[in-house]
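Right, one structure below, let's go through it.
In what follows, every heavy atom counts, from backbone to side chain, and hydrogens, waters and symmetry copies are set aside. Computed from a predicted model, the values in this text were never measured in an experiment.
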Amino acid sequence: MKKKKVNLRDLKPSSEKEHNHDDGHNHSASSYNFKVYIPAIISFAMLIIGIILDYFDMPFFKDGIRIIWYGAAYLPVGLPVIKEGWESIKKGDFFTEFFLMSIATIGAFVIGQYPEGVAVMLFYAVGELFQSAAVNRAKGNIKALLDVRPKEANVFREGDYKSVSPEVVNIGEKIQIRVGEKIPLDGILLSEKASLNTAALTGESKPDSIQKEAKVYAGSINLESVIEVEVTNKFEDSSIARILDLVQNATARKSKTELFIRQFARIYTPIVVFLAIGVTFIPYFFVDDYIFRDWLYRALIFLVISCPCALVISIPLGYFGGLGAASKNGILFKGASFLDAMTKINTLVMDKTGTVTKGVFKIKEVKAIDWKETEFMQYLMAMEEQSTHPIAKAILEYKSEGEDFEAQDVSEIAGKGLKGIVNGKTVLVGNKALMTANNINVPTETESIVESIVLVAIDNQFAGYVVIADELKEDAKETITALHKVGIKNIMMLSGDKDSITQQVAKELNIENAKGGLLPEDKLNEVEILKKNPENKVAFIGDGINDAPVLAASNVGIAMGGLGSDVAIETADVIIQTDQPSKVVRAIKISRSTRKIVWQNIILAFGVKVIVLILGAGGLATMWEAVFADVGVALLAILNAVRLQRMSW
């Protein structure tokens with residue numbers, strides 16, 4: 001898959017863009033100023049005055065004056081809709097809601113129903129404004145994300161810091177970020193430490209404290225002191241650019257439900273138009289007291305009700321709300337289709353290292369025999385200072401008291417460990433093979449330890465051992481419990497780590513099915529076996545690098561901590577921007593809430609429309625019921641969709 005680069009100069013906040021609905025809506029998001037409400041206010045005032053004059057049967061308010069008054073009330077809200085309908089017809093698209101509303105309201109004028117003609121168009125125009133407001137609100141989270149785009153970078157050039165556009169800063173250059181400023185580009189921290197607010201990237205409000213040479217990401221806010229960063233990615237390749245690109249493109253990827261409704265609406269609308277024509281003329285052949293005006297009125301009601309606005313607006317808005325709510329929580333879906341797919345997941349396969357564990361070695365246990373623990377560790381640390389192995393790094397984090405010992409004549413014995421002199425004593429550090437080769441007896445208790453173990457001998461006597469293990473993430477246990485609660489019963493762990501360690505971690509997390517010692521292709525085979533059962537809908541959670549084949553093969557691929565991983569961005573369907581596995585549970589809950597609201601809207605829109613269509617055809621519904629069935633139901637559905645923005649999971 002080729003990575004699509006995004007130029008942030010081309011990405012405008014929603015407030016500067018026009019959004020286009022497939023049903024023909026064109027709402028300018030700049031409409032949230034008072035001016036756009038003026039035509040509706042004028043029409044409303046004139047309509048109310050006209051109704052009052054009608055009610056009191058004022059003598060001057062008759063015939064031509066009455067028609068002119070209601071015509072003037074109609075034009076402010078009616079002309080834009082008629083114009084849109086005409087533009088659509090010129091493009092060959094006849095059956096738009098603009099055409100339907102124009103025909104229905106003009107028809108109402110033709111048969112003398114002036115107040116109803118104005119009212120229908122007025123409510124429709126107000127409904128459009130409310131829809132625009134709802135869409136704008138649903139886009140709030142993504143607008144906030146777009147607003148974190150850094151505007152400038154202080155780059156060190158010619159002996160001084162100069163303010164330039166982030167787009168002209170090169171890899172390897174040094175930039176300075178003052179307190180309260182956003183980091184403009186991805187890089188490596190050159191300062192000793194930094195405290196960053198990464199909420200825009202990860203959804204986490206807690207400040208992130210990092211040390212020198214740690215990675216920092218564009219869009220993070222510097223909280224404490226002036227820091228310096230060496231740039232590692234160009235502006236268009238930065239983390240914030242990738243996230244913006246994902247969020248922008250996610251809204252364009254339709255779910256199957258959304259696509260079906262749009263296709264259905266395009267077929268359904270012309271059918272209703274022809275039915276309305278039938279309602280007007282067919283009764284002539286079957287009804288004795290046929291009155292053209294009455295049957296035309298019923299047909300016009302039929303047309304107003306037929307507008308598919310509630311469906312084609314509120315359903316995409318529901319998915320948009322779900323995508324926005326997820327991004328607010330540090331979860332990026334690559335499209336609405338993956339929101340749908342996540343609701344069907346019943347089997348979850350996960351990697352171990354970096355997914356449920358931190359992927360960092362830590363000392364789990366120190367066992368000194370006939371030595372004080374601190375002195376024992378000083379001998380061990382003196383030896384490990386000569387090694388670059390990750391286990392050595394973990395041992396050197398031990399906080400010891402007293403002077404540091406110094407090792408001399410240290411030599412590495414391939415595949416076994418180290419040998420050297422510390423304080424005049426011969427020290428051996430390594431595995432059991434090293435001890436056996438030097439005729440040193442090792443206690444049998446060490447054989448039952450499944451984690452990595454470092455054995456130590458001093459002057460040919462066994463002195464003790466240190467157990468090194470990968471730490472579980474803080475929320476790993478609660479994640480498995482929560483997954484069971486949301487109905488994910490089949491959970492499997494696949495790891496490249498040795499099987500004994502994998503089984504122990506699985507037992508600790510209460511995962512019954514686990515396999516260790518696997519290569520990437522072995523993990524892929526395991527997932528393919530699960531997928532052979534059509535009832536299994538499989539999600540895989542991995543770190544997005546060596547797990548890329550499995551992420552691609554599963555029904556839903558979820559990348560953990562994918563913020564800094566190009567492979568995760570490319571391969572996964574869902575990206576958890578933090579390293580918290582518990583966010584997977586939240587992603588499932590958000591997906592289910594979104595789907596629930598979408599189906600509530602479908603049932604509401606269809607149910608009310610069918611009832612009022614039947615009543616309208618039978619002459620039991622007026623234009624007022626028609627308005628409710630169209631604009632009223634659309635507004636109810638939109639308000640229902642907007643609820644996603646206020647939910648917490």
Side-chain angles (χ1 to χ4, degrees), residues 188-194 209-214 353-354 357-474 497-498 500-501 504-505 508:
I188 299 292
L189 182 65
L190 297 176
S191 304
E192 288 301 318
K193 61 179 182 177
S209 297
I210 63 169
Q211 302 300 316
K212 186 175 182 177
E213 296 186 358
T353 308
T357 68
K358 294 180 179 179
V360 178
F361 284 115
K362 293 284 184 184
I363 294 176
K364 183 177 180 181
E365 181 186 359
V366 176
K367 182 69 178 288
I369 299 172
D370 298 329
W371 288 86
K372 287 184 179 179
E373 181 180 307
T374 53
E375 190 176 6
F376 166 78
M377 287 301 296
Q378 282 175 305
Y379 276 98
L380 174 57
M381 290 165 68
M383 294 291 292
E384 293 292 6
E385 281 180 353
Q386 312 298 314
S387 174
T388 58
H389 194 280
I391 288 179
K393 186 177 179 182
I395 290 171
L396 292 173
E397 288 180 0
Y398 182 87
K399 304 299 181 187
S400 63
E401 299 174 357
E403 293 183 17
D404 291 339
F405 292 175
E406 188 174 341
Q408 297 174 334
D409 300 329
V410 177
S411 59
E412 184 172 349
I413 302 164
K416 295 180 181 179
L418 302 172
K419 182 178 182 178
I421 305 295
V422 179
N423 286 358
K425 299 181 184 293
T426 301
V427 180
L428 297 171
V429 174
N431 56 24
K432 189 174 181 181
L434 179 65
M435 300 296 139
T436 302
N438 287 273
N439 300 315
I440 295 170
N441 293 324
V442 178
T444 55
E445 65 185 78
T446 60
E447 295 175 5
S448 61
I449 298 172
V450 297
E451 295 98 337
S452 298
I453 183 169
V454 178
L455 305 174
V456 181
I458 302 175
D459 276 350
N460 294 318
Q461 293 294 319
F462 187 75
Y465 59 86
V466 175
V467 178
I468 306 292
D470 191 359
E471 278 188 296
L472 282 177
K473 290 181 180 175
E474 288 80 1
D497 205 346
K498 61 183 182 180
S500 57
I501 294 177
Q504 183 174 353
V505 172
E508 201 171 340

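- For E397, the side chain to side chain contact (heavy atoms under 4.5 Å, CB included) criterion is met by K362, not counting sequence neighbours.
- Within the structure, side chain to side chain donor-acceptor pair (under 3.5 Å) pairs that include any residue of residues 427-450 comprise K367-E445, K432-E447, E445-Y465 (at least two apart or interchain).
- Looking at heavy atoms from C-beta onward, E373 lies in side-chain contact with Y398 at the 4.5 angstrom threshold.
- Taking each heavy atom of K364 and A469 in turn, the nearest pair found is CD-CB, 3.9 Å.
- The distance from the CG atom of D404 to the CD atom of E385 is 6.0 Å, given to the nearest 0.5 Å.
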**Item:** L428/M383 under side-chain contact (heavy atoms from CB on, under 4.5 Å): CA gap, chis, key distance, verdict
**Value:** CA-CA 9 Å; L428 297 171; M383 294 291 292; over 6 Å; no

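- Looking at I395 and S387, their side chains never come closer than 4.5 Å, going by heavy atoms from C-beta outward.
- A 6.0 Å sphere centred on NZ of K419 holds no more than 12 heavy atoms belonging to other residues, nucleotides or ligands.
- Going from atom CD of E213 over to atom CG of L190 covers 8.5 Å, rounded to the nearest 0.5 Å.
- Judged by distance alone, the side chain of K416 and the main-chain N or O of M435 form no donor-acceptor pair under 3.5 Å.
- Contact detail for V410 and A407: the closest heavy-atom pair is CG2-CB, 3.7 Å.
- Side chain to side chain, E412 and Q386 fail the donor-acceptor criterion of an N or O pair below 3.5 Å.
- Taking both residues in full, the closest heavy atoms of A394 and F361 are given as CB-O, 3.4 Å, listed atom of the first, atom of the second, then distance.
- Interatomic distance, CD1 of I440 versus CG of L455, reported as 9.5 Å (0.5 Å rounding).
- With contacts defined as side-chain heavy-atom distances shorter than 4.5 Å, the pair V454/E384 qualifies.
- Residue I458 comes nearest to K425 through the heavy atom pair CG2-CD, 3.8 Å, listed as atom of the first residue, atom of the second, then distance.
- Rounding to the nearest 0.5 angstrom, the gap separating the CD1 atom in I501 from the CD atom in E451 is 6.5 Å.
- Contact detail for L434 and V429: the closest heavy-atom pair is CD2-O, 3.4 Å.
- Looking only at side-chain heavy atoms (C-beta outward), I363 and I468 come within less than 4.5 Å of each other.
- Looking only at distances, a side-chain donor or acceptor of D459 sits under 3.5 Å from a matching main-chain atom of T426.
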**Request:** Decide yes or no on side-chain contact (heavy atoms from CB on, under 4.5 Å) for K399 and M377, but give the supporting numbers first.
**Result:** CA-CA 9 Å; K399 304 299 181 187; M377 287 301 296; over 6 Å; no

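- By the 4.5 Å heavy-atom criterion applied to side chains, V456 and Y379 are not counted as neighbours.
- Taking NZ of K212 as the reference point, atom NZ of K193 lies at 14.0 Å (rounded to 0.5 Å).
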